Amino acid sequence: MSTPQLTILAILFLVVGGFLWGRFRHDTVALFGLIACVVTGLVDADRAFTGFGHPAVVTVACVLILSRALQHTGAVDVLARRVLPAEAGRLSAVAALMGLGAALSAFMNNVGAMALLMPLAIQLAGRLNLPPGQVLMPLAFGTIMGGMVTLVGTPPNLIVATFRPDGAFRMFDYTWVGLPVALAGIAFVALIGWRLVPVRRPAGDMPFETGTYLTELRVPEDSKAVGLTLRKFEAELEGVDLVILALIRGTERQNNPHGSRKIQAGDVLIVEAEAKALTESAARHEIALEGLGTRDEDENDDEFVLREFALLPGSSLIGRSARQLRLRFRWGVSLLAVAREGARPRGRLGTLTLKSGDLLLLRGKSDVLSDFARDLSCVPLDTAPLWVPDKRKAWLATAIMAAAVLVAAFGILPSAVAFAGGVLATMLTGTLPLRELYRALDGPVIVLLAALIPVAAAMQETGTADLLARGMVDWLAQGNTLAALVVVLVVTMVLSDVMNNAATAAVMAPIALGIAAQLGAGAEGFLMAVAIGASCAFLTPIGHQNNTLILGPGGFRFGDYWKLGLALEAVIVAVSVPLIVLVWGL
């Protein structure tokens with residue numbers, strides 16, 4: 001083994017380890033890998049940032065912008081409400097929701113599709129008298145599977161396409177395998193797999209049953225709670241699911257305070273409760289939810305509403321606290337409570353660091369909350385009234401996306417150019433305000449892709465990809481071509497479950513090419529196995545952003561995904577391998 005091979009293997013080990021550790025963001029880890037390759041001479045300094053101009057990266061950026069235009073104009077919302085059946089049984093309703101999610105994800109950002117359909121999924125769960133997770137997990141998996149269907153369905157497809165020796169895969173080359181696999185997966189989940197979704201039904205009767213929140217109650221001087229013991233306070237709230245976790249008096253904090261302690265004016269009670277219990281306890285004892293203030297602060301208090309939101313991956317709120325964000329000063333909204341992964345987070349509300357998938361209970365004017373959610377990547381968990389600001393622009397946004405897809409599909413222009421033209425049309429027609437255009441770009445994804453493309457090239461140029469391929473062929477596949485195809489698919493699935501799927505594709509694509517060369521097989525089938533495997537992140541909440549997004553609203557825990565996820569991945573392996581052999585050969 002040569003020095004360059006040992007070096008790239010060491011860097012790859014550190015990069016994959018960084019992805020698995022999760023301490024740093026994926027783009028930070030990828031950028032470390034790129035800089036390390038440059039410093040060690042594996043990547044020329046003048047080629048270090050060529051990834052930012054790579055067609056795959058440009059296409060991803062453009063698709064993100066066009067997807068945001070579809071969301072902003074309300075075009076997808078209109079489609080969803082017209083397509084989904086108003087009255088249907090569990091099987092047909094869940095299948096229709098998953099099918100719509102997969103169809104949208106085939107042509108737009110799948111996180112955006114998930115965010116648009118989440119409120120409808122929660123409404124559907126309520127109508128069917130189901131815990132929300134029973135609908136949210138199938139929807140999340142459906143939107144992930146939809147990415148298999150087209151070139152632009154998910155970033156891994158674009159990465160894999162560029163490794164094809166005889167020219168990149170085109171728009172619908174993935175459809176021959178991806179569409180039947182997605183349909184089989186949807187059918188399995190709708191008919192059988194839903195039984196493997198854990199039932200997480202929190203106590204209480206909140207419409208979305210999103211579980212308990214951590215929040216703070218401040219006791220004013222005129223509160224009816226002043227002078228009551230904590231035991232008496234809780235007794236008066238019998239039937240309301242509220243638990244006092246701590247009492248703060250001045251600089252003193254007492255965790256699990258004794259029930260005989262009397263409440264004084266100015267005390268802060270840290271409590272765990274459902275959203276309805278919070279408002280009921282505050283009203284009954286004239287206590288202020290911290291951040292809400294007293295009732296006389298707002299002249300038109302009736303204009304203010306409470307709404308629940310889930311925090312999308314990539315939101316600028318992630319990693320910051322309410323105190324740092326200065327929500328009331330900057331946006332005119334108040335953060336009243338936070339819920340996380342079915343369990344209470346630790347610490348005080350003002351200093352609590354927000355994470356992806358957190359549930360936020362916010363107070364503010366309805367229109368302000370809607371703008372806040374749209375600007376800062378939060379998903380409302382209620383079905384807000386349908387808002388289509390301009391029907392003409394909704395149709396324009398749809399037409400622009402369709403035109404870009406068709407131009408790319410028929411090879412009139414390369415995909416990157418076709419979708420860049422779509423972005424230009426979006427700018428000229430005003431279907432997406434210019435201030436929104438650059439917000440649509442998912443910076444971490446762009447940096448991740450651009451940084452890993454040169455690293456993947458270094459794996460090939462140093463012969464490391466061939467070295468790893470030879471080991472997989474000899475040790476795992478025993479020289480059998482079909483077994484090697486299955487190994488590539490399964491290994492890619494495993495990696496995608498624990499690290500970013502685009503990173504998985506960048507690592508596995510050159511190895512798949514090496515395996516095909518070792519066995520004298522066609523490269524297309526092995527690359528297609530990487531593309532399918534990279535879209536199969538079903539075992540954990542960290543494998544895909546959509547899995548993370550449903551943690552809070554579904555009341556899920558980390559280990560709740562693998563039962564349905566493992567069965568679904570087995571179905572996908574059983575369906576995709578014969579299809580790959582049939583369509584692309586070995």
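All of these numbers come straight from a predicted model, not from anything done at the bench.
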Worksheet item: Got a donor-acceptor contact below 3.5 angstrom from the Thr150 side chain to the Ala106 backbone?
Response: yes

Practice prompt. Of all the heavy-atom pairs spanning Leu549 and Leu311, show the shortest one and how long it is.
Written response: CD1-O, 3.8 Å

Distance-only donor-acceptor hits, side chain of residues 535-542, under 3.5 Å, sequence neighbours excluded:
from   : atom 1 : to     : atom 2 : distance (Å)
Thr540 : OG1    : Asp497 : O      : 2.4
Thr540 : OG1    : Ile542 : N      : 3.4
Thr540 : OG1    : Gly543 : N      : 3.2

Worksheet entry | Under 3.5 Å donor-acceptor, Thr154 side chain and Gly147 backbone | no

Practice prompt. Find the distance between CG (Asn109) and CG (Asn546) and round it off to the nearest 0.5 Å.
Written response: 8.0 Å

Discussion item. Around atom CH2 of Trp176, are there more than 12 heavy atoms from other residues, nucleotides or ligands closer than 6.0 Å?
Written reply: no

Item to complete: With side-chain contact (heavy atoms from CB on, under 4.5 Å) as the test, would you mind laying out the steps for Asn157 and Val152 before giving the verdict?
Response: CA-CA 7 Å; Asn157 289 0; Val152 298; over 6 Å; no

Discussion item. Can you confirm whether Tyr174 sits close enough to Met528 that some side-chain heavy atom of one is under 4.5 Å from a side-chain heavy atom of the other?
Written reply: yes

Discussion item. Nearest 0.5 Å, please: how far is CZ in Arg470 from CD1 in Ile511?
Written reply: 12.5 Å

Worksheet item: Gln5 side chain to Thr462 main-chain N or O, any donor-acceptor pair under 3.5 Å?
Response: yes

Worksheet, complete the sentence: Heavy-atom closest pair (Leu527 atom, Pro165 atom, distance to 0.1 Å) is CD1-CD, 4.5 Å

Worksheet entry | Contact summary for Met171 and Ala409, nearest pair of heavy atoms | CB-CA, 3.6 Å

Worksheet item: Could you give the distance from CG (Leu449) to NE2 (His26), rounded to the nearest 0.5 Å?
Response: 12.5 Å

Worksheet entry | Under 3.5 Å donor-acceptor, Thr28 side chain and Phe24 backbone | no

Discussion item. Before you tell me yes or no, could you show the steps for Leu485 and Trp584 under side-chain contact (heavy atoms from CB on, under 4.5 Å), namely the whole-Å CA-CA distance, both residues' side-chain angles and the distance that decides it to 0.1 Å?
Written reply: CA-CA 12 Å; Leu485 183 69; Trp584 298 104; over 6 Å; no

Worksheet entry | Spatial distance of atom CG (Asp173) from atom CZ (Arg164) [nearest 0.5 Å] | 5.5 Å

Worksheet entry | Full working for side-chain contact (heavy atoms from CB on, under 4.5 Å) between Leu468 and Leu9 | CA-CA 10 Å; Leu468 294 174; Leu9 279 176; 3.9 Å; yes

Practice prompt. Write down the atom of Ala140, the atom of Met114, and the distance for their closest heavy-atom approach.
Written response: CA-SD, 3.7 Å

Practice prompt. Please report the closest heavy-atom contact between Pro510 and Ala505, naming both atoms and the distance.
Written response: CD-O, 4.4 Å

Discussion item. Main chain of Gly471, side chain of Asp474: is a donor-acceptor contact present, judged purely on distance under 3.5 Å?
Written reply: no

Worksheet entry | Flag side-chain contact, heavy atom, 4.5 Å: Val58 against His54 | no

Fill in: Interatomic spacing from OG in Ser67 to NE2 in His72 - rounded to 0.5 Å
14.5 Å

Worksheet item: Is there a donor-acceptor pair under 3.5 Å between the side chain of Asn480 and the backbone N or O of Ala477?
Response: no

Practice prompt. Answer whether the closest heavy-atom distance between the side chains of Phe141 and Leu564 falls below 4.5 Å.
Written response: yes

Worksheet item: Ignoring hydrogens and geometry, is there a side-chain-to-backbone donor-acceptor pair from Thr504 to Asn500 under 3.5 Å?
Response: yes

Worksheet item: Would Val63 and Met108 count as a side-chain contact (heavy atoms from CB on, under 4.5 Å) if you check the C-alpha gap in whole Å, the side-chain angles of each, and the deciding distance to 0.1 Å?
Response: CA-CA 6 Å; Val63 170; Met108 65 178 288; 5.5 Å; no

Discussion item. For a 4.5 angstrom cut-off between non-hydrogen side-chain atoms, does Leu489 reach Phe526?
Written reply: no

Worksheet item: Do Val491 and Met508 have side chains that get closer than 4.5 Å, going by heavy atoms?
Response: yes

Practice prompt. Determine whether Met427 and Leu437 make a side-chain contact, defined as any pair of heavy atoms from C-beta on separated by less than 4.5 Å.
Written response: yes

Worksheet item: Are the side chains of Ser321 and Leu352 in touch, meaning some heavy atoms are under 4.5 Å apart?
Response: no

Under 3.5 Å, sequence neighbours excluded: what are the donor-acceptor pairs made by side chains of residues 419-426?
from   : atom 1 : to     : atom 2 : distance (Å)
Thr426 : OG1    : Gly422 : O      : 2.9

Fill in: Charged N-O contact under 4.0 Å between Glu524 and Arg170
no

Worksheet entry | Close side-chain approach of Asn547 and Tyr561, heavy atoms under 4.5 Å | yes

Worksheet item: Is Thr175 reaching over with its side chain to a backbone N or O of Val149, donor-acceptor style, under 3.5 angstrom?
Response: yes

Discussion item. Return the OG to CG distance between Ser316 and Leu325, rounded to the nearest 0.5 Å.
Written reply: 7.5 Å

Response to the item:
Here the pair of heavy atoms bringing Ser415 nearest to Leu151 is OG-CD2, 3.2 Å

